[in-house]
Protein chains: 2
Amino acid sequence: MDKPRRITLNDIALACGVSRATVSLVLRRSPLVHANMRRRVEAEMQRQGYVYNRAAANLRQRVSTTVALVINDLSNPFFAEFATGVDEALGAKGYVTLLGSSNESPARQRQLLGSLIEHHPAGIILSPAENSDVTDVEMTIGRHAPLLVFNRELTGTPDTGFEYDFLGLDNRAGARVATKRLLELGHRRIAFYGGHANSSSCRERRLGYQDALRAASIQVDPSSMIETAPTRLEANVHADALFAVDAAPTAAVCYNDAVALGLMLGLARLGRQPGVDFAVTGFDNIPEAAVGVPPLTTLNADPRARGRQAAELLLQRAAAPSSPRQSVIVPVQLTERESTPHALSA
Amino acid sequence: MDKPRRITLNDIALACGVSRATVSLVLRRSPLVHANMRRRVEAEMQRQGYVYNRAAANLRQRVSTTVALVINDLSNPFFAEFATGVDEALGAKGYVTLLGSSNESPARQRQLLGSLIEHHPAGIILSPAENSDVTDVEMTIGRHAPLLVFNRELTGTPDTGFEYDFLGLDNRAGARVATKRLLELGHRRIAFYGGHANSSSCRERRLGYQDALRAASIQVDPSSMIETAPTRLEANVHADALFAVDAAPTAAVCYNDAVALGLMLGLARLGRQPGVDFAVTGFDNIPEAAVGVPPLTTLNADPRARGRQAAELLLQRAAAPSSPRQSVIVPVQLTERESTPHALSA
DNA sequence: CTGAAAGCGCTTACAG
DNA sequence: CTGAAAGCGCTTACAG
């Protein structure tokens, strides 16, 4: 690796015997410059291996062609898919994604936002770590770049004037639909399994679950809602909590697919057969859901499409900073697979 | 969102009645400026909500604090984990990750690299799309930023003087160990299942598989090596190809974990019980491997640690551009789980 | 300890 | 159609 002095517009201009301005016009495909001149300049750029310095151009133009993307858990396929969708849509519009992975740590998230904001992105897409406080976020990013929050709400109340857009799933309706379907299949003792009760998405899904039970005139027993970290591993480990009650459930509405997949393994460990003598639903429809054993009935959130949507919402907002704050709630649809058998007639 | 004029060093300097240079020195924690002055300036920055413009600083200093990361398939947990590790290590050193997701498309990869290089990253980490040609990559990134290739080799022969570092797994030794273990368990008819034969990693793993068979004086039948796309879905679909031969295998060394997990589902579909009457090994040790049904015997590649390692190698190279090209091959270790039973005595 | 000036690599009116 | 000059927001010798 030789360290050649960086080739700049000046070098090209000099070599072509024209001014920097002319070369710049060629770069931006201005019709002002003559086709012959254009070709001459372009050939010279090719020859010298010129690379455009977008940072310099952005500085001068006072624009930004980057968007920051901060993800709470990239190792969860739901968010990995989301990130892929974001990058896809941003790339199509000529933006570059600045990535940050917080691993559910608010401290790391703060650090990331602080560092990313110094790159003056055109906007920030934040899939927040659990318990991210809105004031904390505002402190670190200020009000310089539009913010789009994905998936879960920030905790706390924002200061006056601090606004952000929101993109989320219709958690309540989704959980309601899943629970309703289990009721239709004859289940009467249905648990809500997994997730942290203090996260907005879990709270909303629990509400949907309760809606459906109440609509069927079934008493909601608080002990039928079991809390676990929203990961496969934790869901697996705590499966026995389902059977620690007097009348054990025959079905579980799970917080998300990771939890559902973990629970199914836990059930197998306890001698139950999900899809045969126990019904399980998930939430998200990650790729593994379709190929699980048994394939998982779940709510289709299409994370990659959500990513594209998030990117578009953000760019829209960056173009119209003063239009009113948006909160987009995406409906989710039940995808039925083999994990939800009829209730066995006891 | 009000669009306040961006606060700059000048604003702070003006408000404090000092020069821009002084404020800059405060920013960079120079001991030259008096503690009182420092405090005064810092308070003013706080008050006005000043955000450092790193792009401007980098331009002036002719340095870069970004690293480009281009990933072939972010929805594969192996690469998602890798990306997490990269971001973690880069963040710790004050770098920001520019992300690109190529989805295994060389065209998209070219576009991404072309766009990312304009941000003049300090280096590029590339987990290449299948069939990425080295000349093609050189054409788009030139020789401006050090390149670290991860996981698979680029195809074609590089031009003289185009050099890059490489970080990969010891594919051959890994597959050899897995195959050897199956032999020890009494298996004699062992297939190599999945992957594209023209990818370097698949080629190497097949060689390791053949090494072990030859060492056991077992004839290598070309029909025992079955090609599929390296995804769960494709591996599932083509499972019957294993049994299309006269003497069907009792075990399969799989190209990677995704393939192994897909194959196990395909086996179940065909009435086989992986872990009971058929042995399966994977490669990578993605999180799902441990919690599969049955848990998967695989080769531990620790993708997150690989990500951290890649970041460190690259930064090392950026600091020492003329040191000789490195090719780091990481050994992988067999993690035995329930997917590899003894051969049944036929 | 602080200020005035030049410059990083671009773009953009403004002349011509 | 092309050039000279100013400026984006910083840093860095160089004076004082």
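From a predicted model like this one, the values you see are computed outputs, not experimental measurements. Here is how names work: the chains are called A, B, and so on, in the same order as the sequence lines, proteins then strands, and each is numbered from 1.
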Participant: Which of these nucleotides, D:dG3, D:dT12, C:dG9, is closest to any side-chain atom of B:S24?
Facilitator: D:dT12

Participant: Without swapping roles, check the side chain of A:R110 against the backbone of A:T140 for a donor-acceptor pair under 3.5 Å.
Facilitator: no

Participant: Looking at A:S19, does any N or O in its side chain come under 4.0 Å of the phosphate oxygens OP1/OP2 on D:dG3?
Facilitator: yes

Participant: Got a sec, which residues hit side-chain contact (heavy atoms from CB on, under 4.5 Å) with A:Q48, two or more places apart in sequence or on another chain?
Facilitator: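 side-chain contact (heavy atoms from CB on, under 4.5 Å) check on A:Q48 returns A:I7, A:D11, A:I12, A:A15, A:E44.
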
Participant: Does anything in residues 54-63 of chain A pair up under salt bridge (charged side-chain N to carboxylate O under 4.0 Å, His left out), and if so which pairs, sequence neighbours excluded?
Facilitator: A:R54-B:E118

Participant: Heavy atoms under 4.0 Å, any strand shown: does A:V51 hit a base, just sugar-phosphate, or nothing?
Facilitator: sugar-phosphate

Participant: Starting from C1' on C:dG3, measure out to CG on B:L14 and report it in whole angstrom.
Facilitator: 14 Å

Participant: Rounded to whole angstrom units, what separation is found between the CG atom of B:L9 and the P atom of C:dA4?
Facilitator: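 Going from CG in B:L9 over to P in C:dA4 covers 15 Å.
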
Participant: Is it true that B:D87 and A:R108 make a salt bridge, defined as a side-chain N closer than 4.0 Å to a carboxylate O?
Facilitator: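 Salt bridge flag = yes for A:R108 with B:D87.
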
Participant: Could you check which residues of residues 25-49 of chain B get a heavy atom under 4.0 Å from DNA chain C? Sort them by number, please.
Facilitator: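 When residues 25-49 of chain B is checked for heavy atoms under 4.0 Å from DNA chain C, the hits, listed by number, are B:L32, B:V33, B:H34, B:M37.
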
Participant: Quick one: list whatever passes side-chain contact (heavy atoms from CB on, under 4.5 Å) with B:A92, sequence neighbours left out.
Facilitator: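 Testing B:A92 for side-chain contact (heavy atoms from CB on, under 4.5 Å), a comparison that skips the adjacent residues, returns none.
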
Participant: Where is the tightest heavy-atom contact between A:V51 and B:H120, given as atom of each residue plus distance?
Facilitator: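 A:V51 and B:H120 have their closest heavy atoms at O-NE2, 3.7 Å.
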
Participant: Under the rule for side-chain contact (heavy atoms from CB on, under 4.5 Å), what residues qualify as partners of B:L74, not counting sequence neighbours?
Facilitator: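 Here the qualifying residues are A:A83, A:T84, B:I71, B:A83, B:L99, B:S101.
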
Participant: Hey, could you give me the CZ/OG distance between A:R152 and A:S127, rounded to the nearest 0.5 Å?
Facilitator: 6.5 Å

Participant: To the nearest angstrom, how far is B:R20 atom CZ from C:dA6 atom P?
Facilitator: 12 Å

Participant: So, does A:D165 use its side chain to make a donor-acceptor pair with the main chain of A:L148 at under 3.5 Å?
Facilitator: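 No, A:D165 side chain to A:L148 backbone: no donor-acceptor pair under 3.5 Å.
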
Participant: Please report, rounded to the nearest Å, how far the P atom of D:dC8 is from the CG atom of B:N10.
Facilitator: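 That distance rounds to 8 Å.
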
Participant: Return the set of residues passing side-chain contact (heavy atoms from CB on, under 4.5 Å) with B:T22 (not counting sequence neighbours), or none when no residue passes.
Facilitator: B:V18, B:S19, B:M37

Participant: Roughly, in whole Å, what's the span from CG in B:D11 to P in D:dG9?
Facilitator: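 Rounded to whole Å, this separation is 9 Å.
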
Participant: Quick one, which residues of residues 52-62 of chain A touch DNA chain C with a heavy atom under 4.0 Å?
Facilitator: A:Y52, A:N53, A:A56, A:A57, A:R60, A:Q61

Participant: A:N76: which residues meet the side-chain hydrogen bond (donor to acceptor under 3.5 Å, both in side chains) condition with it, sequence neighbours left out?
Facilitator: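 None.
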
Participant: Please list all pairs meeting ring-ring contact (aromatic ring centres under 6.0 Å, His included) that have one or both residues in residues 26-70 of chain B, counting only residues at least two apart or in different chains.
Facilitator: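 Output for this query is empty, none listed.
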
Participant: Could you run down the sub-3.5 Å N/O contacts of the protein with nucleotides 13-16 of chain C?
Facilitator:
none

Participant: If I take atom CD1 in residue B:I7 and atom P in nucleotide D:dC10, what distance separates them, rounded to the nearest angstrom?
Facilitator: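 Roughly 10 Å, once rounded to whole Å.
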
Participant: Taking B:R308 for its side chain and B:G85 for its backbone only, find out whether a donor-acceptor pair lies under 3.5 Å.
Facilitator: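 Not at all, since once roles are kept as given, no pair shorter than 3.5 Å links the two residues.
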
Participant: Checking A:D159 now: which residues fulfil side-chain hydrogen bond (donor to acceptor under 3.5 Å, both in side chains) with it, not counting sequence neighbours?
Facilitator: none

Participant: If pairs are Watson-Crick or G-U with both distances under 3.5 Å, what is the dot-bracket string of DNA chain D, marking crossing pairs with [ ] and pairs to another strand with |?
Facilitator: |||.||||||||.|||

